[in-house]
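So the structure is just underneath, and the comments pick up after that.
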Amino acid sequence: MHPALAGDLSRLPELLQDARDFAARELTGLTERPVAAAGRAPGRAPLPAEGAGAEAALTRFAERWAPGFSGSAGPRYLGFVTGGATPASVAGDWLTSALDQNLSGAGGSWAAELERETVDWLRDLFGLGDAHGGAFVTGATMSNTVGLAIAREWLGERLGVDVSRQGAAALGPVDVYSGSPHSSITKAMSVLGIGRDRLRPVPLLPGGREAVDVGALEAALAGRDGRPAIVVANAGTVNTVDFDDLRAIAALKERYGLWLHVDAAFGAFAALSPEHAALVDGLDAADSVCVDLHKWLNVPYDAAVQFTRRPDLQVAVFHNASPYLGLPTGEPDFLHLTPENSRRLRALPAWFSLVAYGRAGHREIVERNVALARRLGAGIDALPGLRLLAPVRLNVVCFTLAGDPSQERVDTLARAVAASGEAYVTPTVYGGVPGLRAAFSNWRTTQADTDRVLEALAAAAG
């Protein structure tokens with residue numbers, strides 16, 4: 001055994017304690033560290049010829065790289081839709097690495113059953129019924145990809161084509177209809193051989209809405225003469241967290257041949273709040289659903305879940321046929337359900353957080369974030385230099401400069417906010433106007449944090 005390995009093994013408890021102490025210091029100071037890292041990263045060092053051991057690696061990381069890591073897990077990082085990591089989920093994530101279970105198959109471990117239990121809990125949390133099966137994947141992009149892959153197989157079933165064997169080309173042109181799809185949808189279409197250009201944009205509701213006009217969607221489907229299609233509904237759009245009318249779209253399934261995929265990456269969490277649960281009414285009627293857990297569930301990267309009503313088609317797409325793996329009979333191993341064979345126990349951090357805080361704890365996070373988004377929106381609306389681009393519907397505030405919101409001036413504003421170290425927001429374009437988004441999904445964020453963000457925005461816009 002290499003001397004560095006042997007030495008680390010003999011000191012394993014001490015090394016883990018050192019890593020624990022370092023992590024604790026980082027997390028304790030997270031609320032006050034600069035939200036975005038400033039300055040240039042160090043130059044790239046050559047690969048060490050001889051290992052120095054884990055203690056030296058930790059020291060080198062702490063000195064050379066840690067100072068440039070962002071505070072993205074903290075309470076004032078409002079870019080993209082970025083959650084943090086609850087204390088329980090961090091503990092679960094550490095154990096995931098320590099126990100190092102490969103979730104490709106049962107393999108004499110109970111780990112796969114723990115994932116199935118966690119999927120069941122999440123299904124209940126989001127109001128889905130027993131007809132939906134699911135599995136953990138890396139994030140919303142992969143969840144959407146899995147959902148559309150199953151949809152592609154369903155199209156083949158309707159058209160008499162075995163896509164998993166004959167390929168996507170055997171289907172001929174495939175049409176995907178959506179109002180305000182996330183960019184990961186077209187990325188998935190590219191990966192799956194459907195093609196980015198096969199997205200068929202559907203008109204939106206008037207009045208600056210991002211929700212699809214269901215009447216226009218029905219007219220588009222009626223013109224297909226019965227040829228099946230894929231519809232991607234959106235439960236929580238990027239800019240304004242608008243929701244398609246899922247119940248109305250689901251009703252179209254009875255009259256037209258369509259597969260309904262719902263991208264509910266963070267919007268599904270509206271189901272936790274009685275005030276907002278109606279936004280996801282009809283989610284259970286979807287054929288496949290995407291939910292991203294490292295957003296509003298606040299578990300560490302990477303973690304998402306996908307659900308579908310057709311696990312048989314999912315197995316048809318993803319099964320791995322090999323004598324040493326066995327056939328996907330009964331309740332299939334996860335290697336037959338997702339693109340990966342080897343996969344870590346991503347479910348454990350979510351399991352820990354759900355056990356630790358329950359439905360009530362996660363509901364409190366959602367409702368607090370929504371209230372704070374409204375608070376920031378009201379504050380922005382009162383500032384002379386800024387204006388809202390859209391109403392605050394849930395947890396995202398979409399805004400811009402009050403005068404001359406050119407791309408250059410808005411970018412300058414975003415850089416000034418980041419340079420302050422107080423907050424971080426990300427750019428967008430809404431209604432043709434360059435703007436910024438502040439997305440609330442972190443479990444740590446408080447009213448005091450929100451007021452600090454507003455002060456940073458006011459100073460940068462002044």
Determine, stepwise, if the pair Phe399 / Tyr430 fulfils ring pair (Phe, Tyr, Trp, His ring centres under 6.0 Å).
-> CA-CA 9 Å; Phe399 63 99; Tyr430 178 71; over 10 Å; no
Under the salt bridge (Lys or Arg N to Asp or Glu O under 4.0 Å) rule, collect the residues that match up with Lys187, sequence neighbours excluded.
->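 Expected list: none.
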Inspect the surroundings of CZ in Arg255 and state if more than 12 heavy atoms from other residues, nucleotides or ligands are less than 6.0 Å away.
->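 More than 12 within 6.0 Å, yes.
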Do NZ/NE/NH1/NH2 and the carboxylate oxygens of [X] and [Y] come within less than 4.0 Å?
X	Y	result
Arg227	Asp175	no
Glu115	Arg346	no
Asp284	Arg309	yes
Asp100	Arg344	no
Arg444	Asp449	no

Could you tell me if the side chain of [Y] sits less than 4.5 Å from the side chain of [X], heavy atoms only?
X	Y	value
Val299	Asp93	no
Leu199	Tyr177	no
Leu394	Asp242	no

Can you check whether [X] and [Y] have ring centres sitting under 6.0 Å from each other?
X	Y	value
Tyr301	His294	yes
Phe126	Phe269	yes
Tyr357	Phe352	no

Let me see the working for Phe334 and Glu340 under side-chain contact (heavy atoms from CB on, under 4.5 Å), right down to the final yes or no.
-> CA-CA 8 Å; Phe334 287 113; Glu340 302 160 302; over 6 Å; no
Taking Thr450 for the side chain and Thr446 for the main chain, is one N or O donor matched with an acceptor at less than 3.5 Å?
->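 Yes; at least one donor-acceptor contact below 3.5 Å.
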Thr237 side chain to Glu210 main-chain N or O, any donor-acceptor pair under 3.5 Å?
->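 Side chain of Thr237 to backbone of Glu210: no pair is present.
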From CA spacing to verdict: salt bridge (charged side-chain N to carboxylate O under 4.0 Å, His left out), Arg224, Glu218 = CA-CA 10 Å; Arg224 295 183 58 79; Glu218 181 170 12; over 6 Å; no
State the OG1-CG distance between Thr141 and Asp292, to the nearest 0.5 angstrom.
->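 Taking OG1 in Thr141 and CG in Asp292, the distance rounds to 8.0 Å.
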Rounded to the nearest 0.5 Å, what's the gap from OG on Ser184 to CG on Asp263? Could you check?
->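 It comes to 5.5 Å.
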Think Arg76 forms a cation-pi with Tyr424, using NZ or CZ under 6.0 Å from the six-ring centre and within 45 degrees of its axis?
->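 Output no; distance or angle outside limits.
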Show your reasoning for whether side-chain contact (heavy atoms from CB on, under 4.5 Å) applies to Arg196 and Arg198.
-> CA-CA 5 Å; Arg196 298 175 189 267; Arg198 299 309 301 180; over 6 Å; no
Salt bridge (charged side-chain N to carboxylate O under 4.0 Å, His left out) between Arg310 and Glu153, intermediate numbers included | CA-CA 10 Å; Arg310 293 297 304 272; Glu153 198 71 16; over 6 Å; no
Heavy atoms only: give me the nearest Ala233-Leu260 pair and the separation to one decimal.
->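 The pair with the smallest heavy-atom distance is CB-CD1, 3.8 Å.
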Test side-chain contact (heavy atoms from CB on, under 4.5 Å) on Ile230 and Leu258 and set out the steps.
-> CA-CA 5 Å; Ile230 300 170; Leu258 68 92; over 6 Å; no
Would Thr428 and Leu436 satisfy side-chain contact (heavy atoms from CB on, under 4.5 Å), going step by step from the backbone distance to the final call?
-> CA-CA 5 Å; Thr428 191; Leu436 297 171; over 6 Å; no
